[in-house]
Amino acid sequence: MVSWSFTTSRVVVVLLGLLSLFQSVTSIRLGLVRLPSSDLPLFREAPAFRNGEECGSTDADRINVAMTLDANYLRGTMAAVLSMLQHSTCPENLAFYFLSAHDAPELFSSIKSTFPYLNMTIYHFNSNRVRGKISKSIRQALDQPLNYARIYLADTIPENVKRVIYLDSDLVVVDDIAKLWGVDMEGKIVAAPEYCHANFTLYFTKDFWSDPTLAKTFEGRKPCYFNTGVMIMDVEKWRREKYTDKVEEWMAVQKQQKRIYHLGSLPPFLLVLAGNIKAVDHRWNQHGLGGDNLEGKCRSLHPGPISLLHWSGKGKPWLRLDSRRPCIVDHLWAPYDLYRSSRHFFEE
């Protein structure tokens, strides 16, 4: 496993204990790659990460990771991929499935030039399939069709892929992703960290809870909030039991009957699956680092061990770092940032 060195500003001294999660440092010379498109940022080429001797090389050893691919979040995607490769014992066993809403060869070129050895495929997600089903939420970013792609993931990737880890683009993994992949799902459709201390009723409107029929939705279940940005998904079972249809039914209620939630693609997932997922250790989603969905104010780390840092919420670390008004936790994302401005490109 290979890591690369970085310096932290004085403001993150208090977080040095957390940085022990990072692997030992080895100096690597990173080369710049040609800009695939004038509309996309420049990225340094990542080093080649190779399997250790203990790694297998069969299909059974493969770890499937699914993510969306969008120009606005490309910088976050690059950092997320680098973090997984860097901390993986068997990085060559990772297979990436990217869902893109546009036929954008420049995105493929950008990923491939940054990670020349990456095992990846980009699949087209048809935005028209969901566009008419989306209802307005509290933040415009949550209304983008690609934000709903996870609902259609099982129908988009090849049928021979039976299980995947779905990840958002605003996160970094600081542990071996194989540990998350190895979770026993115990027959559940989804495995994810659950947060049962959260006030679950707040994820739905008063109109939902005041409707006698809708209010019975969770009878027989003990529903808890879970974040859909980090999930292990049994996509084979999802297909077989038509879970896309089940989620779409709730989206139709929201769109055509009454407003029952405010947060984009998350609530229909909760309506179908909350209280019926495999709970995973909280270390696998230190979420909310982007602050709330409206103001994006800085938040501190939650107590306990951490394997994945997730900037869910309005504030994204690359934007706050560029504005020179970062939160303390944003400095934990910075070591994985492969971005280089055009100014640095010509200087170097």
Side-chain angles (χ1 to χ4, degrees), residues 1-30 32 41-47 49 67 72-88 114-115 141 167-177 193 227 229-230 282-341 343-345 347-348:
M1 233 181 327
V2 183
S3 284
W4 42 292
S5 60
F6 62 93
T7 59
T8 54
S9 66
R10 193 172 303 168
V11 72
V12 293
V13 171
V14 294
L15 297 176
L16 287 177
L18 175 65
L19 298 181
S20 63
L21 289 168
F22 288 41
Q23 304 299 318
S24 58
V25 175
T26 302
S27 178
I28 291 179
R29 184 179 181 274
L30 301 178
L32 280 164
L42 283 167
F43 297 96
R44 291 188 182 274
E45 181 180 330
F49 295 90
M67 304 178 72
N72 292 327
Y73 284 81
L74 184 60
R75 191 167 163 189
T77 301
M78 295 292 195
V81 171
L82 177 62
S83 71
M84 280 180 266
L85 295 173
Q86 181 172 322
H87 292 283
S88 176
T114 305
F115 299 100
L167 297 175
D168 277 349
S169 296
D170 52 358
L171 55 78
V172 292
V173 178
V174 292
D175 201 347
D176 194 337
I177 196 70
N227 183 284
V230 180
H282 287 179
R283 69 187 302 150
W284 285 105
N285 196 353
Q286 174 86 210
H287 68 286
L289 301 184
D292 60 51
N293 278 299
L294 294 175
E295 297 181 359
K297 293 181 178 179
C298 293
R299 288 185 178 175
S300 302
L301 295 170
H302 309 160
I306 299 171
S307 294
L308 186 150
L309 295 154
H310 188 186
W311 278 260
S312 57
K314 183 179 181 180
K316 302 307 173 189
W318 56 91
L319 297 177
R320 295 194 296 215
L321 286 163
D322 285 355
S323 71
R324 298 186 179 181
R325 292 184 297 177
C327 297
I328 292 177
V329 294
D330 296 341
H331 293 276
L332 297 172
W333 180 89
Y336 302 100
D337 186 13
L338 290 169
Y339 169 72
R340 290 294 179 268
S341 69
R343 179 176 61 83
H344 287 138
F345 175 77
E347 286 178 355
E348 298 183 21

side-chain contact (heavy atoms from CB on, under 4.5 Å) evaluation trace for Ser312 with Asn227:
CA-CA 9 Å; Ser312 57; Asn227 183 284; 4.1 Å; yes
Of all residues at least two apart in sequence or in a different chain, which pass the side-chain contact (heavy atoms from CB on, under 4.5 Å) check with Pro326?
Leu321, Asp330, His331
Ile306 and Asp175, any side-chain heavy atoms less than 4.5 Å apart:
no
Reported NZ-to-SG distance for the pair Lys297 and Cys327, which is rounded to 0.5 angstrom
11.5 Å
Backbone of Asp176 reached by a side-chain donor or acceptor of Ser88 within 3.5 Å:
no
Please round to the nearest 0.5 Å and tell me the distance separating atom CZ of Arg283 and atom CD of Gln286.
11.0 Å
Tell me, please, which residues at least two apart from Arg75 pass side-chain contact (heavy atoms from CB on, under 4.5 Å).
Phe43, Trp318, Asp322, Trp333, Asp337, Tyr339
Check the pair Leu82, Phe115 against side-chain contact (heavy atoms from CB on, under 4.5 Å), reporting the backbone distance first and the verdict last.
CA-CA 9 Å; Leu82 177 62; Phe115 299 100; 4.1 Å; yes
What residue pairs, at least two apart or across chains, pass salt bridge (Lys or Arg N to Asp or Glu O under 4.0 Å) with a residue in residues 299-310?
none
Nearest 0.5 Å, please: how far is CG in Leu294 from NZ in Lys314?
7.0 Å
Leu167 CG to Leu308 CG distance, which is reported to the nearest 0.5 Å:
6.5 Å
I need the Leu338 CG to Thr114 OG1 distance, nearest 0.5 Å.
6.5 Å
Enter the distance from Leu332:CG to Leu309:CG here, rounded to the nearest 0.5 Å.
6.0 Å
Excluding sequence neighbours, so at least two apart, what forms ring-ring contact (aromatic ring centres under 6.0 Å, His included) with His310?
none
Sequence-distant partners of Ser83, side chain to side chain donor-acceptor pair (under 3.5 Å), two or more places apart
none
Considering all heavy atoms of both residues, which atom of Phe49 and which atom of Gln86 are nearest to each other, and what is their separation?
CE2-CA, 3.6 Å
For Arg320 and Trp311: C-alpha separation, side-chain torsions, deciding distance, then whether side-chain contact (heavy atoms from CB on, under 4.5 Å) applies.
CA-CA 11 Å; Arg320 295 194 296 215; Trp311 278 260; 3.6 Å; yes
Show your reasoning for whether side-chain contact (heavy atoms from CB on, under 4.5 Å) applies to His287 and Val230.
CA-CA 9 Å; His287 68 286; Val230 180; over 6 Å; no
How far apart are the closest heavy atoms of Leu289 and Ser300, and which atoms are they?
CD2-O, 4.2 Å
